[in-house]
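Just the heavy atoms: all of them, side chains too, but no hydrogens, waters or symmetry mates, feed the values below. Here is the naming used below: chain letters follow the sequence lines, and residue numbers restart at 1 for every chain.
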Amino acid sequence: GDSVTQMEGPVTLSEEAFLTINCTYTATGYPSLFWYVQYPGEGLQLLLKATKADDKGSNKGFEATYRKETTSFHLEKGSVQVSDSAVYFCALNSGGYQKVTFGTGTKLQVIP
Amino acid sequence: SQTIHQWPATLVQPVGSPLSLECTVEGTSNPNLYWYRQAAGRGLQLLFYSVGIGQISSEVPQNLSASRPQDRQFILSSKKLLLSDSGFYLCAWSRTGAEQYFGPGTRLTVT
């Protein structure tokens, strides 16, 4: 079945540092890939997505590239801010299915 | 634009009491609807999803149930709560099952 593996957290960075959160997946066919963000006490928000190989999703300075050859969708940001502190979830949807498979989430803490 | 509501925002209930959480969506028709649970410091567990009125798929057998009495209403229920039912309950909607849009959540504490 489908699965998503994320790097273990928490990740602690200083403000303006470079961020990478690794995500790899196993899926049948050609899934769509997503990153969601959850701020403390809130629901999840869709951060970015990519629907086919080599697509780059981007939003709010975050980027992720759909790498079919390595089955990866790593999240990056060039300069993090304190306000980016949250839990980040990588997820996939295999076309034709009504469900999304989520990773376990990676907590990011950015310190001033 | 679409909006998703959940209530209550927080709930403290004794063991053995009943539960009813409600979720409604505005601004769209015939959405897929989902209930997730998130235990403290954990990932998301899909509990139920629905692709139409009266159509409920259960992902994890447990003492919870779900119903969809109207197109944009999704209810999570229990007859008798357990301590292990504590958690953060999230409702979500989707057009296709791919992109999902989440509500603000309900924090349930069973004492």
Side-chain angles (χ1 to χ4, degrees), chain A residues 1-11 21 23 25 27-52 55 57 59 64 66 73 86-109, chain B residues 1-11 21 23-25 30-52 55-60 66 68 74 87-109:
Chain A
D2 295 348
S3 68
V4 176
T5 302
Q6 289 183 235
M7 61 187 291
E8 289 285 333
V11 174
I21 299 178
C23 170
Y25 67 89
T28 54
Y30 303 94
S32 296
L33 302 174
F34 307 90
W35 277 101
Y36 286 82
V37 58
Q38 184 180 31
Y39 298 102
E42 299 183 6
L44 278 70
Q45 301 175 26
L46 180 63
L47 180 60
L48 54 83
K49 67 176 182 179
T51 58
K52 61 183 187 295
D55 266 2
N59 186 24
Y66 190 144
F73 193 53
V87 180
Y88 292 82
F89 292 89
C90 185
L92 70 83
N93 170 257
S94 292
Y97 292 91
Q98 302 297 330
K99 299 181 287 184
V100 170
T101 300
F102 286 90
T104 53
T106 301
K107 184 175 182 178
L108 169 66
Q109 183 179 14
Chain B
S1 64
Q2 298 82 21
T3 310
I4 180 168
H5 303 279
Q6 284 186 247
W7 63 90
T10 60
L11 191 60
L21 302 181
C23 170
T24 59
V25 181
N30 197 31
N32 293 344
L33 295 172
Y34 305 83
W35 278 113
Y36 291 89
R37 178 169 61 200
Q38 190 175 28
R42 297 287 198 86
L44 294 169
Q45 179 185 32
L46 178 62
L47 302 175
F48 302 95
Y49 70 97
S50 171
V51 299
Q55 301 178 60
I56 308 295
S57 296
S58 174
E59 291 294 299
V60 183
R68 185 170 177 174
F74 205 23
F88 192 46
Y89 287 81
L90 290 162
C91 181
W93 75 272
S94 174
R95 287 197 182 283
T96 64
E99 296 179 36
Q100 295 195 2
Y101 300 92
F102 286 79
T106 295
R107 176 78 56 192
L108 171 66
T109 303

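If you take CG on A:L44 and CD on B:Q100, they are separated by 9.5 Å, rounding to the nearest 0.5 Å. Rounding to the nearest 0.5 Å places CG of B:L46 at 9.0 Å from OG1 of A:T101. Between the OH atom in B:Y34 and the NZ atom in A:K99 there is a gap of 9.5 Å [rounded to 0.5 Å]. How far OG of B:S94 is from CD of A:Q98: 7.5 Å, rounded to the nearest 0.5 Å.
Among residue pairs with one or both ends in residues 27-49 of chain A, those qualifying as salt bridge (charged side-chain N to carboxylate O under 4.0 Å, His left out) are A:K49-B:E99; sequence neighbours excluded.
Listed by sequence position, A:F34, A:Y36, A:Q38 are the residues of residues 29-39 of chain A in contact with chain B, using a 4.5 angstrom heavy-atom cutoff.
Here B:A98 is the residue among B:G43, B:G105, B:A98, B:P104 with the most heavy-atom pairs under 4.5 Å with chain A.
When all heavy atoms are compared, the tightest approach of B:Y101 to A:L46 is OH-CD2, 4.3 Å.
If you measure heavy-atom distances from B:Q6 to chain A, you find no contacts under 4.5 Å at all.
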